[in-house]
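For reference, the structure is listed below as structure tokens.
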Amino acid sequence: MNDILGDWKRSHYCGHLTAADIGSTVCMMGWVQRRRDHGGLIFIDLRDREGIVQLALDPDRDPDAHSRADKVRNEFVVAIQGKVSPRPEGTVNPKMKTGEVEVEVSELRILNTAQTPPFMIDEYSEAAENIRLKYRYLDLRRPTIQDNLVMRHKVARTVRRYLDANGFLEIETPVLTKSTPEGARDYLVPSRVNSGTFYALPQSPQLFKQLLMVSGYDRYFQIVKCFRDEDLRADRQPEFTQIDCEMSFVSRDDVMTIMEEMISTIFKEAIDVDVQLPMAHLTYAEAMDRFGVDNPDMRFGLELTELSDLVAASGFKVFADVVAKGGIVKAINVKGGASFSRKELDDLTEFVKIYGAKGLAWVKMTEEGWQSPIAKFFSENDLSAINERLAAELGDLLLFVADKPKITNEALGRLRGHLGQKLELAQKDDFRFVWITDFPLLEWDEESKRHVAVHHPFTAPMDEDISLLDSDPGKARAKAYDLVLNGSEIGGGSIRIHDQSVQSRMFKLMGIEQEEAREKFGFLLDALEYGAPPHGGIAFGLDRLMMILSGSDSIRDVIAFPKTQKATCLMSEAPGTVDEKQLRELSIRLAKSK
RNA sequence: GGGGCUGUAGUAGAGUCGGUUACAACGCCGGCCUGUCACGCCGGAGGUCGCGGGUUCGAGUCCCGUCAGCCCCGCCA
């Protein structure tokens with residue numbers, strides 16, 4: 001039988017006791033981190049959310065409390081009363097925040113017992129993630145995850161304060177909403193009242209926040225769950241949180257300026273880092289040219305250099321043919337990389353193949369010049385021209401990819417990121433922001449043989465490119481912007497289309513028939529005809545932002561109850577089956593499984 | 001849909017060329033210990049080697065399949 005809490009009231013958190021509390025009588029509650037039984041004296045480390053403090057139980061002083069402490073085990077929930085004392089000379093523990101003091105316990109109540117947990121609740125034990133996820137409520141007791149969630153709270157608080165101070169209103173939008181074409185696969189919720197129909201969970205509150213602008217709310221924000229039924233990654237969960245914002249009567253620069261200040265405030269308040277403003281800008285075209293990707297990690301160089309013109313007429317047929325067929329040849333110069341082993345080079349080759357490259361050509365800069373399987377195909381003139389453009393020096397490693405532009409850029413761009421990690425060119429506490437702007441508006445999709453929106457279908461074209469919508473839509477650029485931090489896209493947004501006729505043209509360009517557009521987006525098209533102001537906004541991925549702020553490698557470490565890669569919850573065992581009765585009410589019959 | 005890594009007491013690991021009763025650590029249980037703090041010392045319990053099949057006189061070990069977790073490609077406006 002457990003002891004009752006009675007009328008005891010907590011006076012202090014464990015982690016808050018300091019030398020200033022010496023002499024005072026305190027009441028504390030928490031979990032037993034550890035018990036050290038010295039035969040006579042018993043020490044208990046008592047833990048709560050704020051930290052750990054040592055309890056001392058002396059059999060001579062308080063025999064009753066001491067005998068109760070004898071029964072205590074790890075993770076028992078106890079309440080104590082006692083006096084804060086300085087630790088005897090020589091027993092101060094400088095490793096603990098509360099290490100100068102201890103509590104001489106006069107009374108101890110065991111509020112609840114606990115089974116031996118499957119893993120130790122401390123920063124040392126390394127349980128496998130499936131065990132941690134199954135017992136997530138225990139894993140969440142560990143300090144590293146607690147720190148992450150506390151920081152997440154502080155970031156959310158900073159966001160609310162900042163946006164409130166800047167005139168944004170927090171307004172909720174529906175979670176049960178309507179499936180729309182384009183974008184990710186929807187999570188669907190069957191409607192009982194309207195048999196045979198389905199709600200969709202929002203991939204983002206995009207349409208609703210635009211409607212709020214039409215309604216004149218001027219500045220909106222929400223910290224909101226979004227749902228996308230796609231496969232997971234280390235930085236991707238099926239339900240994730242966005243900091244979602246929208247503003248009326250603004251330009252791209254207005255949005256970027258106010259948002260980079262918000263990010264800077266977050267970094268200052270969460271981790272005390274000063275972010276230099278204004279942040280760097282790159283056009284999409286420049287990012288692709290120099291880094292091969294639209295989310296470049298700006299913490300290191302290793303930029304891509306195009307060599308197509310130099311190798312087009314060279315004796316190396318592989319390169320020349322690629323250029324002749326409209327492809328490109330690019331290279332990166334890995335300073336000091338000539339020491340790479342054959343195995344390492346083979347691994348790099350395997351790496352670029354993941355992204356569709358057929359191979360990776362390499363050159364080691366040695367005393368004798370080019371050491372490379374492809375050296376023999378190039379004339380002295382070719383070699384020196386390439387060397388000069390790549391600024392190749394003794395000891396460097398040159399890596400080449402030749403393919404269609406898309407593949408060359410992605411393969412080398414990803415290789416660049418990979419090498420940055422491998423060579424430790426990027427530090428976790430170095431934060432390099434860059435806005436990527438001037439994205440293409442549309443992209444040709446081979447599969448469906450039509451244009452699809454690069455950002456989303458409501459993104460406005462750049463004013464000077466509007467005429468391109470008729471002549472060469474693939475060339476039109478969008479008033480879109482992404483914020484990239486250390487190679488991770490942490491936010492993206494755009495100025496939206498507020499003109500119904502432009503919106504209709506966009507749908508048409510994307511092969512969405514008028515009838516379909518009316519059915520799917522009719523309410524938006526209608527709203528645009530009732531005095532829609534120019535507006536635009538942005539959404540930040542809070543989870544990804546938290547990963548970077550906390551230095552976590554996995555998105556699961558910044559989410560209290562995350563899902564596995566197969567989108568299941570090992571703790572609740574969701575998703576699960578439901579009763580036949582529930583299915584009947586929803587007019588749903590399951591297809592026979594194979 | 002595809003590629004890769006991992007799976008052995010509660011936990012995280014070792015386990016050789018296929019060979020006796022599957023090791024030691026942490027944790028757990030018991031005992032001792034009045035200044036420890038990831039306490040210490042002594043003793044003890046604890047195993048469906050993920051699961052199924054196959055090869056073999058014999059499988060944790062080799063082969064096939066399968067399940068789960070993780071990383072990646074595709075996918076993610």
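Naming: A, B, ... by sequence-line order, numbering from 1 per chain.
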Query raised in the report: What about Glu126(A): does its side chain form a donor-acceptor pair under 3.5 Å with the base of U11(B)?
Result: no
Query raised in the report: Can you tell me if the side-chain N/O atoms of Tyr355(A) get under 4.0 Å from OP1 or OP2 in C73(B)?
Result: yes
Query - Phosphate contact (C73(B) OP1 or OP2) by Lys353(A) side-chain N/O below 4.0 Å - result: no
Requested in this report: Give Thr180(A) one of three labels, base, sugar-phosphate or nothing, depending on what nucleic acid heavy atoms sit under 4.0 Å from its own.
Outcome: nothing
Report task. Respond yes when some side-chain nitrogen or oxygen of Thr116(A) is under 4.0 Å from OP1 or OP2 of C29(B), and no when none is. Result -> no
Query - Min side-chain heavy-atom separation Val105(A)-Asp62(A) under 4.5 Å - result: no
Requested in this report: For Ala56(A), report the nucleic acid contact type (base, sugar-phosphate, nothing); a contact means any heavy atom under 4.0 Å.
Outcome: nothing
Query raised in the report: Has the side chain of Arg236(A) got a donor or acceptor atom sitting under 3.5 Å from an opposite partner on the base of C76(B)?
Result: yes
Query raised in the report: Rounding to the closest angstrom, what is the interatomic distance between G69(B) and U61(B) at atom C1'?
Result: 23 Å
Report task. Kindly indicate whether the side chain of Asp45(A), heavy atoms from C-beta on, has any atom under 4.5 Å from the side chain of Val53(A). Result -> no
**Report entry** Given RNA chain B, 5'-ward residue of the pair Val454(A) and Leu41(A), judged by closest heavy atom
**Finding:** Leu41(A)
Report task. Measure from the ring center of Tyr481(A) to the ring center of Phe439(A) and say whether it is less than 6.0 Å. Result -> no
Query raised in the report: Is Asn74(A) side chain donor-acceptor paired with the G27(B) base, going by distance under 3.5 Å alone?
Result: no
**Report entry** Phosphate OP1/OP2 of U36(B) contacted by Thr91(A) side-chain N/O (<4.0 Å)
**Finding:** no
Query raised in the report: In whole Å, what separates the C1' atom of G58(B) from that of A14(B)?
Result: 23 Å
Query - Nucleotide paired to A12(B) in any strand shown, Watson-Crick or G-U, under 3.5 Å - result: none
Report summary line: As its Watson-Crick or G-U partner within any shown strand, both distances under 3.5 Å, U66(B) has G50(B)
**Report entry** Nucleotide of U34(B), G69(B), U36(B) approaching Arg36(A) most closely (side-chain heavy atoms)
**Finding:** U36(B)
Query raised in the report: Within the structure shown, what part of the strands sits under 4.0 Å from Pro118(A) by heavy-atom distance: base, sugar-phosphate, or nothing?
Result: sugar-phosphate
**Report entry** Side-chain heavy-atom pair Val78(A), Trp31(A) within 4.5 angstrom cut-off
**Finding:** no
Report task. For nucleotides G46(B) and C29(B), find the distance between their P atoms and express it as a whole number of Å. Result -> 16 Å
Query - Who pairs with U36(B) - Watson-Crick or G-U, where each distance is under 3.5 Å - result: none
Requested in this report: Flag as yes if Phe119(A) stacks onto the base of G10(B) (centroids under 5.5 Å, planes under 30°), otherwise no.
Outcome: no
Query raised in the report: Quick one: are Tyr284(A) and Pro440(A) in side-chain contact, heavy atoms under 4.5 Å?
Result: yes
**Report entry** N/O (side chain, Arg132(A)) to phosphate O (OP1/OP2, A12(B)) under 4.0 Å
**Finding:** no
Query raised in the report: Under 4.0 Å between a side-chain N/O of Lys566(A) and OP1 or OP2 of A68(B), yes or no?
Result: yes
Requested in this report: Determine the Euclidean distance between corresponding C1' atoms of U34(B) and G50(B); express it in Å to zero decimal places.
Outcome: 48 Å
Query raised in the report: On a whole-Å scale, what distance lies between the C1' atoms belonging to G4(B) and A24(B)?
Result: 32 Å
Query raised in the report: Taking N and O atoms by type only, does the side chain of Arg73(A) place a donor or acceptor under 3.5 Å from a partner on the base of G27(B)?
Result: no
Requested in this report: Using Watson-Crick or G-U wobble geometry with both distances below 3.5 Å, tell me the partner of C76(B), or none.
Outcome: none
Query raised in the report: Taking atom P in both U36(B) and C41(B), what distance in whole Å separates the two?
Result: 14 Å
**Report entry** OP1 or OP2 of U36(B) under 4.0 Å from side-chain N/O of Arg87(A)
**Finding:** no
Query raised in the report: Between Glu230(A) and Gln54(A), which has a closest nucleotide on RNA chain B that is more 5'?
Result: Gln54(A)
**Report entry** Nucleotide opposite C41(B) in a Watson-Crick or G-U pair, distances under 3.5 Å
**Finding:** G31(B)
Query - Euclidean distance for C1', G35(B) against C49(B) (whole angstrom) - result: 44 Å
Report task. Describe the nucleic acid contact of Arg61(A) in one word from base, sugar-phosphate, nothing, applying a heavy-atom distance below 4.0 Å. Result -> nothing
Query raised in the report: Quick one: which of C72(B), G1(B), A12(B) gets closest to the side chain of Asp231(A)?
Result: G1(B)
**Report entry** Polar pair under 3.5 Å, donor/acceptor by atom type, side chain Arg414(A), base C72(B)
**Finding:** no
Report task. May I ask which nucleotide in the shown strands pairs with C57(B), Watson-Crick or G-U wobble, both distances under 3.5 Å? Result -> G19(B)
Query - Spacing of the C1' atoms in C70(B) and C26(B) (rounded, Å) - result: 24 Å
Report task. Answer with base, sugar-phosphate or nothing: what part of the nucleic acid does Glu129(A) contact at a heavy-atom distance below 4.0 Å? Result -> sugar-phosphate
Report task. Side-chain contact test, heavy atoms from C-beta onward, threshold under 4.5 Å: evaluate it for Gln503(A) versus Leu528(A) and give yes or no. Result -> yes
Query raised in the report: Are any of the side-chain heavy atoms of Asp186(A) and Leu201(A) separated by less than 4.5 Å?
Result: no
Query raised in the report: Do Phe208(A) and Tyr220(A) have their ring centres less than 6.0 Å from each other?
Result: no
